[in-house]
Amino acid sequence: ASVFMVGAVGGDSFGQELVRSLKNSGVHIEQIVQKSETATGVAMITVEASGENTILLASGANALLSPQDLHQAIQIPQGFSAVLLQNEISLESTAAAIRWFTAVGVPVFYNAAPARMLPDALISSVDYLIVNESEADALTGLSVRDLETASVASKRLLERGAKAVVLTMGDMGALYQDVEGMRIHVPAFPVSVVDTTAAGDTFVGAFSVALCECEDIFYALRFASAAAALSVHRSGAQASIPLRRDVESFLHLHPEKTR
């Protein structure tokens with residue numbers, strides 16, 4: 001998809017490298033601002049033998065991205081098909097972006113990661129709330145252990161005002177539930193797990209692109225699950241994220257058995 005990245009980097013070599021990487025991948029970088037007074041946000045990632053990861057974040061310039069920065073970067077919010085948000089910028093800036101985009105009818109995909117408590121007013125203002133097990137636990141106080149507890153946690157989020165919830169559960173697949181009563185479980189694709197870093201980000205990006213293009217929830221979930229499966233089969237973060245042609249080829253090799 002055609003992607004515009006809005007964010008902040010510091011005045012260091014890390015920021016230059018990240019912006020250059022995005023540009024080389026075809027991402028529009030004109031909306032990225034530089035906060036020369038601070039460092040670029042970094043993440044220290046450890047990966048267990050099972051492929052599961054633990055990430056320590058130092059927010060750096062991310063924490064300084066203000067609503068004013070966003071307003072200057074996004075002059076015409078209605079020109080976009082969707083906006084993707086998460087919790088690595090301030091909640092104030094996130095809430096401001098949600099207000100601007102919902103006011104002009106642009107769908108908001110909100111990945112509540114890293115996990116933190118959120119007000120009901122924010123949860124009820126987004127179109128798609130996407131969380132993993134630990135994020136669902138942080139928002140509901142319920143431990144997600146299986147499909148049944150995932151369904152209960154999703155319903156709790158719907159009760160808090162969410163319009164639609166996607167709960168990703170690693171090898172247990174992904175569960176979608178919405179206020180209209182639709183419920184879809186897409187099993188995970190069987191792959192050997194090398195590194196789960198960026199699997200959630202991959203899922204969110206792929207899900208939003210597929211849904212905006214075809215408006216088919218089931219296909220979007222399968223497309224996103226396939227993208228995430230390919231990403232965990234590779235090590236690294238950005239380096240593990242597959243291209244569209246890789247995902248489509250993978251889906252061709254794994255046709256859906258039931259609908």
Atom CD of Glu180 with >12 non-hydrogen neighbours under 6.0 angstrom: no

Derivation of the side-chain hydrogen bond (donor to acceptor under 3.5 Å, both in side chains) call for Asp127 and Tyr110: CA-CA 8 Å; Asp127 296 279; Tyr110 184 31; over 6 Å; no

Hydrophobic cluster identity match, Ile74 and Val108, side-chain contacts under 4.5 Å: yes

For the student: nearest non-hydrogen atoms of Ala112 and Val131, plus distance: CB-CG1, 3.8 Å

Distance in Å, Ile130 CD1 paired with Thr168 OG1, rounded so as to fall on 0.5 Å steps: 8.5 Å

Beyond-backbone contact of Phe109 with Leu211, side-chain heavy atoms, under 4.5 angstrom: yes

Any side-chain heavy-atom pair of Leu142 and Thr149 under 4.5 Å: no

Student check: side-chain heavy atoms of Arg244 and Val209 closer than 4.5 Å: yes

Side-chain touch Ser192/His233, heavy atoms, less than 4.5 angstrom: yes

Co-membership, hydrophobic cluster, residues Val232 and Phe250, 4.5 Å side-chain: yes

Heavy atoms from other residues, nucleotides or ligands near CD of Glu30 exceed 12 (cutoff 6.0 Å): yes

Pairwise salt bridge (Lys or Arg N to Asp or Glu O under 4.0 Å) hits with a residue in residues 139-150, at least two apart: none

Side-chain heavy-atom pair Leu57, Asn62 within 4.5 angstrom cut-off: no

Pairs flagged by salt bridge (Lys or Arg N to Asp or Glu O under 4.0 Å) wherever residues 11-20 is involved - sequence neighbours left out: none

Glu135 side-chain N/O to Asn132 backbone N/O, donor-acceptor pair under 3.5 Å: yes

Contact list for residues 24-54, test ring pair (Phe, Tyr, Trp, His ring centres under 6.0 Å), sequence neighbours left out: Phe4-His28

Test item: Asp178 side-chain N/O and Gly181 main-chain N/O as donor-acceptor pair under 3.5 Å: yes

Residue from Ser21, Ser231, Ser25 passing side chain to side chain donor-acceptor pair (under 3.5 Å) with Gln238: Ser21

Nearest heavy atoms of Thr197 and Asp195, plus distance in Å: OG1-OD1, 2.7 Å

Residue pairs involving residues 135-176 (criterion ring pair (Phe, Tyr, Trp, His ring centres under 6.0 Å); sequence neighbours excluded): none

For the student: nearest non-hydrogen atoms of His185 and Gly173, plus distance: NE2-CA, 4.3 Å

Cluster link Leu230 to Tyr219, ILVMFWY, side chain under 4.5 Å: yes

Side chains of residues 113-124: which donor-acceptor partners sit under 3.5 Å, not counting sequence neighbours?
residue: Asp120; atom: OD1; partner: Arg160; partner atom: NE; Å: 2.5
residue: Asp120; atom: OD1; partner: Arg160; partner atom: NH2; Å: 2.7
residue: Ser124; atom: OG; partner: Asp120; partner atom: O; Å: 3.1
residue: Ser124; atom: OG; partner: Ala121; partner atom: O; Å: 3.1

Smallest separation among heavy atoms of Leu167 and Ser154, with atom names: CD1-OG, 3.7 Å

Student check: side-chain heavy atoms of Asn111 and Phe207 closer than 4.5 Å: no

In one Ile/Leu/Val/Met/Phe/Trp/Tyr side-chain cluster, 4.5 Å: Leu158, Leu139: yes

Shared hydrophobic cluster for Leu175 and Val166 (ILVMFWY, side-chain gaps under 4.5 Å): no

More than 12 heavy atoms of other groups within 6.0 Å of Lys155 NZ: no

Nearest atoms (heavy-atom pairs only) where Met5 meets Gln31: O-CB, 3.5 Å

Exceeds 12 heavy-atom contacts within 6.0 angstrom, atom CD of Glu248: yes

Note, Leu64 side chain near Glu37 side chain (heavy atom, < 4.5 Å): yes

Heavy-atom closest contact (Pro255 atom, Arg222 atom, distance): C-NH2, 3.8 Å

Side-chain heavy-atom pair Phe14, Val9 within 4.5 angstrom cut-off: no

Salt bridge (Lys or Arg N to Asp or Glu O under 4.0 Å) pairs, two or more places apart, involving residues 58-85: Lys35-Asp69

